[in-house]
Amino acid sequence: MLVSVYRYNPEVDDAPYMQDIHIDIPGGKDIMVLDLLQLLKEKDPTLVYRRSCREGVCGSDGMNMNGKNGLACITPLSEVVEGDKLVLRPLPGLPVIRDLVIDMSQFYKQYEKIKPYLINDTPAPAIERLQSPEERAELDGLYECILCACCSTACPSFWWNPDKFVGPSGLLQAYRFLADSRDTATRERLAELDDPFSVFRCHGIMNCVSVCPKGLNPTKAIGKIRNMLIQQAT
Amino acid sequence: MVTTITSFGRSGLYDWMVQRITAVVLLSYTVFMIGYLLFNPDLDYNQWKGLFEGTLMRIFSLLALLSLVAHAWIGMWSVSTDYIKATGARFLFQSVCGLLAFIYVVWGIQILWGI
């Protein structure tokens, strides 16, 4: 099959280019894109990409495969290859450091902005702060986010304003702490989000939902944040 | 919190709500006008003039005009902050939109009350 990989080494190349590599899949098996990358790296050791757990838990190998963001390690070739061709590019919208590796600083800055930790100003109890099973269930579909950035880099609103729009990933996390019964900073958190950019740059096109490798729904979380803002302000 | 001084209401929630409410007003005005034109195929000038002379119709038309301006401002402001990266060009675009909006309001009132 033909693999077309985005190559850019700022120390050597003037501009990024696509490198076409023909490769035979051993045994014709339906391997994961990450395994394919390993085969490519054996052919050309200068190819650079991030990877770690190789099972969709660490979120390191987010990339754009035939136009759709996803994790290379849990995406089988049969899911993305079209006409025996695969185009691999880095996640779109963020600066490229080298080949498939992007600079995620802006993504993390937005994550930092939403204060991704529990804030509780009541005296700490002798034991843990307990939750009822129902309260705990509120966090399902939110806590599973692995910060791979597939969603935020699939979002045009994040492409145009990565410094102002928190992005689907950050907002999913923002709601994760707004929904937590142990957090007492709801009002302060909402006050930080009530501007025309942070939340409201989301126009609900749901690219984030269609690419999330963990099957999460940031659009739904954003809707819930909006409802909380409305309830507080009307 | 991102500070903005050129957005419609400074608050994202306020702009969002205004956008939705004005959309409902514009939709009902459009549906009403289409319905009126469909049910009056032999419309003549006097009947058309009579429609816009009524106080209720004037209220409805002015409401639709103001809704259009608010709706357009919020939309065009979003477009400008997405696609125009140079501050000077963006501010110029927003100023032209604001001026046009004001012209349309004055012009619209003049037409409505000139009948």
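In the text below, chain A, chain B and the rest are named by the order of the sequence lines, each starting its count at 1. Excluded from the calculations below are hydrogen atoms, water molecules and symmetry mates; all remaining heavy atoms, backbone and side chain alike, are included.
Around OH of B:Tyr36, the count of heavy atoms belonging to other residues, nucleotides or ligands within 6.0 Å exceeds 12. Counting heavy atoms of neighbouring residues, nucleotides and ligands inside a 6.0 Å radius, atom OH of B:Tyr14 does not exceed 12 of them. Counting heavy atoms of neighbouring residues, nucleotides and ligands inside a 6.0 Å radius, atom CZ of A:Arg226 exceeds 12 of them. No more than 12 heavy atoms of other residues, nucleotides or ligands shown are found within 6.0 angstrom of OH on B:Tyr45. Within a 6.0 Å sphere centred on CZ of B:Arg20, heavy atoms belonging to other residues, nucleotides or ligands number more than 12. Residue B:Leu56 qualifies as open at atom CG: its count of foreign heavy atoms under 6.0 Å is 12 or below. Enclosure of atom CG in A:Asp14 is not indicated, since only 12 or fewer non-hydrogen atoms of other residues, nucleotides or ligands lie within 6.0 angstrom. With a 6.0 Å radius and a threshold of 12 heavy atoms from other residues, nucleotides or ligands, B:Phe102 has its CZ atom at or below the threshold.
Of all the listed residues (B:Asp15, B:Leu13, B:Ile74), the one sharing the greatest number of non-hydrogen pairs under 4.5 Å with chain A is B:Leu13.
Between atom CZ of residue B:Arg10 and atom CG of residue A:Asp195 there is a gap of 13.0 Å, rounded to the nearest 0.5 Å. Here the CZ atom belonging to A:Phe165 is positioned 12.0 Å from the OG1 atom belonging to B:Thr81, to the nearest 0.5 angstrom. B:Ser78 OG to A:Trp160 CH2: the interatomic distance, rounded to the nearest 0.5 Å, is 14.5 Å. Distance check, rounded to the nearest 0.5 Å: CG of B:Asp82 to NZ of A:Lys164 gives 10.0 Å.
Using a 4.5 Å cut-off between heavy atoms, B:Thr4 touches chain A through its side chain atoms alone. In this structure, the portions of A:Leu229 lying under 4.5 Å from any heavy atom of chain B include both its backbone and its side chain. With a 4.5 angstrom heavy-atom cutoff, B:Phe8 does not touch chain A via any of its atoms. Both the backbone and the side chain of B:Ser11 have a heavy atom closer than 4.5 Å to some heavy atom of chain A.
Of all heavy-atom pairs between A:Glu192 and B:Met1, the closest is OE1-N, 3.0 Å. Summarising the geometry of A:Ser198 relative to B:Val2, their closest heavy-atom pair is OG-CG2, 3.9 Å, with the distance given to 0.1 Å.
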